[in-house]
Amino acid sequence: MRWSEMYVPTLRQDPAGADAVSHRLLLRAGYIRQLMAGHYSLLPLAVRVRAKIIDIIRDEMSAIGAQEFLLPTMQPADVWQKSGRWDKIGSEMFRLTDRKDADLALGMTHEEIFTTVAQELRSYRDLPQRWYQFQTKFRDEPRPKSGLIRVREFTMKDSYSFDTDSDGLDRSFAAHRDAYHRVFARLGIPAIAVEASSGIMGGSDSTEFMCPTDAGEDIVVHCACGYAANVEKATSHLPAAADGAGLAAPEPFDTPDARTIEDLVRDYGVTADRQVKTLVYVVDHQLTLVLMRGDHALVEQKLIDTIGAVEVRPAHPEEIRAALGALPGSLGGVGVTDLPILADEALRGRRDMTTGANRDGVHLRGVDLDRDIAVGRWADLREVVAGEPCPRCRQPLDVLRTVEIGHIFKLGRRYTEALGVTVLAADGERITPIMGSYGIGVERALAAIVETHHDERGIVWPAAVAPFVVAIAQLGNDEQVAAAAEGLYAELRARRVDVVLDDRAERPGVKFSDIELVGIPYRITVSARGLAEGTVEVTTRATGETTRTPLASAVTHLSELFAA
RNA sequence: CGGGGUGUAGCGCAGCUUGGUAGCGCACUCGCUUUGGGAGCGAGGGGCCGUCGGUUCGAAUCCGGCCACCCCGACCA
């Protein structure tokens, strides 16, 4: 490719409102343009990178025996109704109707559709099957942000496995997990595999692949011993509390100005870890008390996962007052019998605690959880914070900001049952195949590479995904320079190297900064000055290292760099 | 959905307080010079000032509605 013929609209200044590094650089370097919030046009350079990412993923999918499909992105409502997700998913799914007024959806994932195809599986001998595709997904995100990191329309590599039994699913799951590690290693993404919540996908087990970056939105708890989990799932080992004997019964005391945990700490000397924080949630229309230790934060996803709830929201003050007779600040679970009460494990067995009395401006001390509060269910609901002891090795935990680039699920038989997929087993019985599903966000992976591969001058692509591996900077309009540059260009193309010849009538500084901004791994600089002594320069983008080499051996020198 | 902010040329911005019909830098076009780190000089082209309405002799500017986009939070496979 000749740069003079490419469309690469680089920007000299940082675009306004592009906060994330990858967003800023992809805009500046002419890879993407925004159409509307959450929808981006990929320009030629981005298309080249995307194609290389897809090739790497495809290669690793083939290596585990997966077969490529391409399923429709517009889908009928009825399969979603059969799986129950038409109602369960809510406004994140784009829905539309056709001229016959039939309900349709834009695919946000393809479990239902792949399972529909699987209805033709007949025999256990057909299994296992591992199927995948690269397909556009649509998700009506409430808040798209950070360029390609959170969008409403994107390409996903999604795969689905069908096995006869859970051992088979374990093998398919492990095959994908290993393939994903290889994919991310080849893409240059420092992915961490973490335990995750399965969310709306359902299923028994899931692992997320997370890339650490400031632009990330997921918090991951991580330990040197190898323990890693999304905060939505993470636990830590808290030291046991040593409570005193407490009181024979809870004792009210007036706290007229205390509305928060901190108020009680400051004005009444009750440390936060001796308080019971009473949160009121509406869980699938049921008002529910959620008790946490005063210094602990609730993870709503844990609440959702524990109950299997569809919708969870904090209750409004009016709802709370109507049910408990007090406002937030003086709430507690003592004596409450008409509402479900969930309590965090960290409160189990605690005595001599302080909590609200359900009378505004009054608290109770000497509360014994087992004796005084009708806890219906104990669960891990607490958010782990940095420095708490690792649940495995007891060393202090790290907390990282990350972006999710892949997620693999053991789904079970939910979809195959709902859509009536069965095969005949060896003994003549009908069995329902068990499924897994596995996803990688392609453009998000692209953004994650930029997040982790850049410097102050621009992007620094790993060679495996770079839009071009070599750029030839032809300086000046000297005929000999042009001839030498053209010669190198032809030679590299003959060797199937992705090379771009910067033959623009631009000054050297413009060429250098564009080539660096765009992030091409190697640059050959051809100039009259160099040719006078028979040499060209080869510069490595990542290190800035430049070596002079005779024109005739430039290609050989590059090959050595590729091999290194 | 709650809070905050911004919409003026392709990009980045000023002008708005104090109304009088739009400006700067970059980019773009042409000419000359220049050519190893985003060139210089000269001459040009380009904007329904997001949109609809109101006030006014007159609105980019004042008032109201709407729309879009960005940030924080909620939410989110």
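Order of the sequence lines sets the chain letters (A, B, ...), proteins ahead of strands, with each chain counted from 1.
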Below 4.5 Å, heavy atoms only, C-beta onward: do A:Thr109 and A:Tyr160 meet side chain to side chain?
yes

Can you name the side-chain hydrogen bond (donor to acceptor under 3.5 Å, both in side chains) partners of A:Thr213, sequence neighbours left out?
A:Glu451

Write down the distance between CD (A:Glu300) and C1' (B:C76), rounded to a whole number of angstrom.
12 Å

By nearest nucleotide on RNA chain B, pick out whichever of A:Asp14 and A:Asp514 is the more 5' one.
A:Asp14

Identify, between A:Gly509 and A:Tyr40, the residue whose nearest nucleotide on RNA chain B lies closer to the 5' end.
A:Gly509

Reckon A:Gln474 touches a base, only the sugar-phosphate, or nothing at all at heavy-atom distances under 4.0 Å?
nothing

Using the P atom in both, what is the distance from B:A59 to B:G2, to the nearest Å?
34 Å

Whole-Å gap separating C1' (B:C71) and CZ (A:Arg24):
17 Å

To the nearest angstrom, how far is A:Asp218 atom CG from B:C75 atom C1'?
12 Å

Which residues pass the side-chain hydrogen bond (donor to acceptor under 3.5 Å, both in side chains) test with A:Asp170, sequence neighbours left out?
A:Lys410

Length of the CZ-C1' vector between A:Arg33 and B:C69, whole Å:
16 Å

Among B:G37, B:C76, B:G36, which is the nearest nucleotide to the side chain of A:Arg457?
B:G37

Any donor-acceptor N/O pair under 3.5 Å between B:C76 base and A:Arg150 side chain:
yes

Flag for A:Arg177-A:Thr207: side-chain donor and acceptor within less than 3.5 Å:
no

Name of the residue among A:Tyr132, A:Tyr438, A:Trp131 meeting side chain to side chain donor-acceptor pair (under 3.5 Å) with A:Ser161:
A:Tyr438

I want to check something: taking the side chain as every heavy atom from C-beta on, are A:Arg541 and A:Arg523 in contact at a cut-off of under 4.5 Å?
no

Identify whether any heavy atom of A:Met36 sits under 4.0 Å from a base atom; if not, whether one sits that close to sugar-phosphate; answer base, sugar-phosphate or nothing.
sugar-phosphate

List in chain and number order the residues that pass side-chain hydrogen bond (donor to acceptor under 3.5 Å, both in side chains) with A:Lys137, two or more places apart in sequence or in another chain; answer none if no residue qualifies.
A:His110, A:Asp158

So, using ring-ring contact (aromatic ring centres under 6.0 Å, His included) as the criterion, who are the partners of A:His181 when residues are at least two apart?
A:Phe209

For atom C1', what is the distance between B:C24 and B:U8, given to the nearest Å?
12 Å

Under 3.5 Å, which donor-acceptor pairs do the side chains of residues 4-11 of chain A form with other protein atoms, sequence neighbours left out?
residue : atom : partner  : partner atom : Å
A:Ser4  : OG   : A:Asp503 : OD1          : 2.9
A:Ser4  : OG   : A:Asp503 : OD2          : 2.9
A:Thr10 : OG1  : A:Asp514 : OD1          : 3.1

Write down the distance separating the C1' atoms in B:C49 and B:C13, rounded off to the nearest Å.
14 Å

Phosphate oxygens OP1/OP2 of B:C72: is one of them under 4.0 Å from a side-chain N or O of A:Lys145?
yes

Closest to the side chain of A:Gln34, out of B:C69, B:U34, B:G37, is B:C69

Which residues pass the salt bridge (Lys or Arg N to Asp or Glu O under 4.0 Å) test with A:Asp178, sequence neighbours left out?
none

Of the candidates B:G37, B:G73, B:C13, the side chain of A:Ala16 sits closest to B:C13

Please list, for nucleotides 40-46 of chain B, all pairs of protein and nucleotide N/O atoms separated by less than 3.5 Å.
none

For RNA chain B, which residues of residues 515-533 of chain A approach it to below 4.0 angstrom with any heavy atom?
A:Glu516, A:Arg523, A:Thr525, A:Ser527, A:Arg529

P-based separation of B:C70 from B:A27 [nearest Å]:
28 Å

I'd like to check A:Glu383 versus A:Met292 (side-chain heavy atoms, cut-off strictly below 4.5 Å). Are they in contact?
no

C1'-based separation of B:U61 from B:C1 [nearest Å]:
33 Å

Who are the side-chain hydrogen bond (donor to acceptor under 3.5 Å, both in side chains) partners of A:Gln34, not counting sequence neighbours?
A:Tyr40

Could you tell me how far B:U29 sits from B:U18 if I compare only their P atoms? Round to whole Å.
43 Å

Work out how far the P atom of B:A14 is from that of B:G54, and round it to whole angstrom.
30 Å

Whole-Å C1' distance, B:U21 and B:G15:
13 Å

Is any side-chain heavy atom of A:Leu488 less than 4.5 Å from a side-chain heavy atom of A:Leu551?
yes

Before giving the answer on salt bridge (charged side-chain N to carboxylate O under 4.0 Å, His left out), spell out for A:Glu486 and A:Arg2 the whole-Å C-alpha distance, their side-chain angles and the decisive distance to 0.1 Å.
CA-CA 10 Å; A:Glu486 292 283 350; A:Arg2 291 166 190 276; 2.8 Å; yes

Return the value, rounded to whole Å, for the distance between atom CD of A:Glu217 and atom P of B:G73.
10 Å

Do the ring planes of A:Tyr31 and A:Trp461 sit parallel (below 30°), tilted (30 to 60°) or perpendicular (above 60°)?
tilted

What nucleic acid atoms does A:Arg313 come within less than 4.0 Å of, heavy atoms only: base, sugar-phosphate, or nothing?
nothing

I'd like a list of close polar pairs between nucleotides 3-7 of chain B and the protein, N/O only, cut-off under 3.5 Å.
none

Taking only N and O in the side chain of A:Arg507, is any of them less than 4.0 Å away from OP1 or OP2 of B:U35?
no

d(NZ, A:Lys88; P, B:C76) in whole Å
12 Å

To the nearest Å, give me how far apart CZ (A:Arg152) and P (B:C70) are.
10 Å

Considering only residues two or more places apart or on different chains, which pairs with a residue in residues 502-522 of chain A satisfy ring-ring contact (aromatic ring centres under 6.0 Å, His included)?
A:Tyr522-A:Phe562

For A:Leu475 and B:U34, give me the distance from atom CG to atom P, rounded to whole Å.
18 Å

Collect all protein-nucleotide pairs involving nucleotides 24-29 of chain B in which both atoms are nitrogen or oxygen and the distance is under 3.5 Å.
residue : atom : partner : partner atom : Å
B:G25   : N2   : A:Gln13 : OE1          : 3.1
B:C26   : O3'  : A:Arg12 : NH1          : 3.3
B:A27   : OP1  : A:Arg12 : NH1          : 3.1

